[in-house]
Amino acid sequence: MIKNKRLTVVLPLLALAVSLTACGGDNTGAAPAPSGTPTVTDSAVEPVADTPFGTACSAVPSSGEGSFTGMADDPVATAASNNPVLSTLVAAVKKAGLVDTLNSADGITVFAPTNDAFAKIDKKTLDKVLADKEALTGILSYHVVAGRKTPADLASGSFATLQGGKIMTTGSGQDYTVGDAKVVCGDVPTRNATVYIIDTVLMPGK
């Protein structure tokens, strides 16, 4: 009876020793994670999908080339040209000859004034600016900064613009200000840029 009890204890111990030897004799005491079990590293690098936010996002078409999905496939000037909310901006970009410049840029952020933003400028002043290519180019390039800026970047930012001046940004959550403009639809992806649609045209030197 005693011999049987000893065998009952010894055999499992021998089996455990053989199992550890087969695993390479690692003396760290760390057991390998079961296959398919997520680790901390895996979850830390898992991308989180950003989605556009803001009150004016509802005015963006839900399907077609002018939708968020459609815009994501095209370079920024082309993407904007398919969005009816930005038709005045697109006309200005074409007059300034900036379509190719914007479409060929690699990783930029564009603060894009809505049609209503341009409508805030009196017609005489707007017509004068649209007729002056140099002035128009300066104003439009003031709305472009290098790098794809996230909402977190805009929380308290100071960015050099393509025009050469600087713009300040503040905000949190879904409420952001760019200069004296409000973001009304933010974090919109295009093939080569991130777009923040704003309610006021930014003017250099203000």
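Scanning for side chain to side chain contact (heavy atoms under 4.5 Å, CB included) contacts around Ala92 gives Leu130, Leu136, Leu140, with sequence neighbours left out. Residues satisfying the side chain to side chain contact (heavy atoms under 4.5 Å, CB included) test with Ala181, not counting sequence neighbours, are Ile198, Asp199, Thr200, Leu202. Taking the side chain to side chain donor-acceptor pair (under 3.5 Å) definition, one finds that Lys123 meets it with Asp127, sequence neighbours left out. With sequence neighbours left out, the side chain to side chain donor-acceptor pair (under 3.5 Å) criterion links Thr125 to Asp122. Residues passing the side chain to side chain contact (heavy atoms under 4.5 Å, CB included) test with Asp100: none are found, sequence neighbours excluded. Shown here are the side chain to side chain contact (heavy atoms under 4.5 Å, CB included) partners of Ala112, two or more places apart in sequence or in another chain: Leu86, Leu89, Val110, Val195. Scanning for side chain to side chain donor-acceptor pair (under 3.5 Å) contacts around Asp116 gives an empty result, with sequence neighbours left out.
Legend: side chain to side chain donor-acceptor pair (under 3.5 Å) pairs involving residues 79-95, not counting sequence neighbours, sorted by first then second residue: Ser87-Asn115, Thr88-Asn115. Sorted pairs that involve residues 72-102 and meet ring-ring contact (aromatic ring centres under 6.0 Å, His included), not counting sequence neighbours, are lacking altogether. Within the structure, disulfide bond (SG atoms under 2.5 Å apart) contacts touching residues 82-122 (residues at least two apart or in different chains) do not occur.
Remark: the backbone N or O of Lys166 is paired with a side-chain donor or acceptor of Tyr142 at under 3.5 angstrom. Judged by distance alone, with hydrogens and angles left aside, the side-chain atoms of Thr161 form no donor-acceptor pair with the main-chain N or O of Val144 at under 3.5 Å. One N or O on the side chain of Thr109 and one on the backbone of Gly147 form a donor-acceptor pair closer than 3.5 Å.
Interatomic distance, CG of Leu162 versus CD1 of Ile108, reported as 8.0 Å (0.5 Å rounding). Taken to the nearest 0.5 Å, the OG1 atom of Thr169 stands 9.0 Å off from the OH atom of Tyr196. Summarising the geometry, atom OH belonging to Tyr176 is positioned 11.5 Å from atom CZ belonging to Phe111; distances are rounded to the nearest 0.5 Å. Summarising the geometry, atom CZ belonging to Arg148 is positioned 12.5 Å from atom CG belonging to Asp153; distances are rounded to the nearest 0.5 Å.
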Report all side-chain donor-acceptor pairs from residues 53-62 shorter than 3.5 Å, counting only partners two or more places apart or in another chain.
{"unit_1": "Ser58", "atom_1": "OG", "unit_2": "Thr55", "atom_2": "O", "d": "3.3"}

Which atom pairs, one a donor and one an acceptor, fall under 3.5 Å between side chains of residues 64-78 and the rest of the protein, sequence neighbours left out?
{"unit_1": "Ser67", "atom_1": "OG", "unit_2": "Gly64", "atom_2": "O", "d": "2.6"}
{"unit_1": "Ser67", "atom_1": "OG", "unit_2": "Gly70", "atom_2": "N", "d": "3.1"}
{"unit_1": "Thr78", "atom_1": "OG1", "unit_2": "Asn103", "atom_2": "ND2", "d": "3.1"}

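Proximity of Asp187 to Thr51: side-chain heavy atoms (C-beta onward) are nowhere separated by under 4.5 Å. The shortest distance between side-chain heavy atoms of Ile139 and Pro204 falls below 4.5 Å. Between Asp106 and Asn192 there is no side-chain heavy-atom pair separated by less than 4.5 Å.
Both Leu98 and Met203 belong to a single network of hydrophobic side chains, linked directly or stepwise wherever heavy atoms of I, L, V, M, F, W or Y lie under 4.5 Å apart. Taking hydrophobic clusters as Ile, Leu, Val, Met, Phe, Trp and Tyr residues chained together by side-chain heavy-atom distances below 4.5 Å, Ile197 does not share a cluster with Val90.
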Evaluate side chain to side chain contact (heavy atoms under 4.5 Å, CB included) for Ile167 paired with His143, printing each intermediate quantity in order. CA-CA 9 Å; Ile167 52 174; His143 290 73; over 6 Å; no

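Of all non-hydrogen atoms in Gln163 and Gly138, the two that sit nearest each other are CG-O, 3.2 Å.
Enclosure of atom NZ in Lys128 is not indicated, since only 12 or fewer non-hydrogen atoms of other residues, nucleotides or ligands lie within 6.0 angstrom.
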